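Below is one structure; the comments refer to it alone.
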Amino acid sequence: MKDLRLCIMGFGAVGQGLAKVVLLKKENIKELYGVELKIVSVADSSTSAISTDGLDEEELIRVKKETGKLANYPEYGSNISGLDVLDECEYDVLLEATPTNIVDAEPARSLTLKAFEQGKDVVTSNKGHLALNFNELLDAALKNNVIFKFEASVGGTMPIINLAQETLPANNVESIVGILNGTTNYILSRMTSEGTSYENTLKESQQLGIAETDPTQDVEGIDAACKTVILANSVLGIPAKYDDVKVKGISDITSEAIYLADKEGYLIKLIAEVSKDNLEVSPRLVKKGSAFDINGTLNMATVTTDLSGKVTVRGIGAGSVETAAAMLTDLIHIIREKYKV
Amino acid sequence: MDKLDGDSMKMNLVLELSDTPGQLVNSLEPFRELGANLVSVIHDRTDKNENGKIPVQITVEGERQNLEKIIETLENNGISILKVDGSIRTIKISTILIGHIIDTDVRDTVDKLNDLDDVTVVAMEVKFNNEEKSSGLITVEMPFGLKNTVLNKIKEIANSKDLLVINEI
Ligand SMILES: NC(=O)c1ccc[n+]([C@@H]2O[C@H](COP(=O)([O-])OP(=O)(O)OC[C@H]3O[C@@H](n4cnc5c(N)ncnc54)[C@H](OP(=O)(O)O)[C@@H]3O)[C@@H](O)[C@H]2O)c1
């Protein structure tokens, strides 16, 4: 039986979700692929837990939840952090779930490049480094002959990158049009069903923990624009940069506009459009009852192809275990490719 | 549609297809499925429309019901039908504008759209909230082929008046 040693960087919602899905699925993976998953190092912003024998998934979550720091993990907790964690302990795959940073892409960019140089495969849920440094990262992965997977960065658990790359490779993808931000979709759905103003609905979403205290990234379309850049590069082969996307958020949408749209059989949705002719995130009118008519925090995307016509997916766009599940799928892809016995 | 014997009719269509392989074959699928006979198909790849698409003239014979179904299926498949039996097909699109719609001369906004050939603003409704910003819904009717021209015009007007445009997908 072969061990597959995992290093998890970032132990928030997604990182802890990873510990859960590894615990839930490792027996299954052992049976199917003959590979034993072992979490050997885990880091948060300033501390870590490291053991070559493998860490206990439930204990990791308990320590982080109860004490806030992985340094408190019995026996194996330490103050080693950041890039040093990658040197401290041999691992095979980096699972990177640090915060998205669209200013300088750190710490994700440095962590990922270092892992590549060490010859390690990387799975990420992060958007910042992909939106800012897509080519640099893909070139580095290629140069070091490692696999780099990032399904979770767009649409959370909803398959979209793998769908286009792995399931529809006979096709040329002409465009992807979709709803790629759950928070704004929730706000717009509530404004529609309750007739409430943008400001009040945003407040309600913040109280429910759906919108963040600083909602800018979501409501101004920045998050969806990052995903637009990732899809443009990875699926359509367009060497797009963040600045190439026309971005307009939802903060100017009025309840009157939603009312007028409703009367004519339309909904207002924050739509990301990815095509050679147009990279755009903006509020758009969509027909009620169409594929774009989804409520709450769901995501969806319609992929238009040359041979298969339109293929539409919808699914859960965020969440701890859900996002981690997309990362585990990417990890299994790596196992099938490199480790299956 | 010309009446033939029984319930069978002849119909002339002008479709618009993009210049990619398989487009013509795909577009003809509904005709076969609904048991209509193609009388003629004129497809000249060197004769492109302004938008780079190719007009295709089709004459087809079949039962009235099926011919209507074909038009519906083609449109559902996202194929533009420019003409049916010589008359231009029109579509309506709705757009929402948010901002100082009244202060930026709503009449002028409507006139600028009506000034485009064959384009008519058929409805306009404006709603106010407590602040001075208003929200308006404009419905415009135009020949199928002019959709992009109209959408671009609306964007241009909105930009110049600092209005937020919410166009259809
Ligand atoms: N949550 C979702 O549903 C979702 C969905 C799709 C994609 N994503 C992406 O997944 C990533 C993680 O999201 P999340 O929701 O799990 O965020 P989160 O709950 O804020 O967790 C971030 C984690 O990263 C740690 N961290 C911060 N700086 C670090 C550094 N320099 N080195 C190592 N760890 C560091 C934090 O440490 P502390 O615990 O010490 O603060 C925390 O444990 C983000 O890039 C996000 O955009 C999230």
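From a predicted model like this one, the values you see are computed outputs, not experimental measurements. First the proteins, then the strands, lettered A, B, ... as listed; each starts at 1.
With chain A as partner, the option from B:S94, B:P21, B:G22 having the largest number of non-hydrogen pairs under 4.5 angstrom is B:S94.
Partners of B:L24 under the side chain to side chain contact (heavy atoms under 4.5 Å, CB included) rule, at least two apart in sequence or in another chain, are B:L17, B:S27, B:L28, B:V41, B:H43, B:V56.
When the shell of 6.0 Å around CD of B:Q65 is examined, it contains 12 or fewer heavy atoms from other residues, nucleotides or ligands. Heavy-atom contacts from other residues, nucleotides or ligands closer than 6.0 Å to CD of B:E33 number more than 12. For B:K153, the NZ atom sits in a packed shell: over 12 heavy atoms of surrounding residues, nucleotides or ligands are nearer than 6.0 Å. Other residues, nucleotides and ligands contribute at most 12 non-hydrogen atoms within 6.0 Å of the NZ atom of B:K147. By the 6.0 Å contact criterion, CG on B:D162 is open, its count of non-hydrogen atoms from other residues, nucleotides or ligands being 12 or less. Other residues, nucleotides and ligands place no more than 12 heavy atoms under 6.0 Å from the NZ atom of B:K92.
Under the 4.5 Å side-chain criterion, counting only non-hydrogen atoms from C-beta, B:L137 is in contact with A:E264.
We find the OG-NZ distance between A:S282 and B:K155 to be 6.5 Å, quoted to the nearest 0.5 Å. To the nearest 0.5 Å, atom CD of residue A:E256 and atom NZ of residue B:K133 are 11.5 Å apart. Atom CD1 in A:I258 sits 13.0 Å away from atom NZ in B:K127 (nearest 0.5 Å). Once rounded to the nearest 0.5 Å, the distance linking CD1 of B:I166 with CG of A:L270 reads 10.5 Å. Taking CE of B:M124 as the start and CG of A:L260 as the end, the distance is 9.5 Å to the nearest 0.5 Å.
Heavy atoms closer than 4.5 Å to chain B are found in both the backbone and the side chain of A:T254. Of the two parts of B:I96, the backbone and the side chain both hold a non-hydrogen atom closer than 4.5 Å to a non-hydrogen atom of chain A. With a threshold of 4.5 angstrom between heavy atoms, B:T95 approaches chain A through N, CA, C or O but not through any side-chain atom. Interface remark: A:I253 contributes backbone and side-chain atoms alike to the contact with chain B (heavy atom separation under 4.5 Å). A:K269 does not touch chain B: none of its heavy atoms, backbone or side chain, sits under 4.5 Å away. Interface remark: B:I169 contributes backbone and side-chain atoms alike to the contact with chain A (heavy atom separation under 4.5 Å).
Between B:E125 and A:K263 there is a salt bridge, since at least one side-chain N of the basic residue sits less than 4.0 Å from a carboxylate O of the acidic one.
Listed by first and then second residue, the salt bridge (Lys or Arg N to Asp or Glu O under 4.0 Å) pairs involving residues 231-250 of chain A are A:K248-A:D252 (not counting sequence neighbours).
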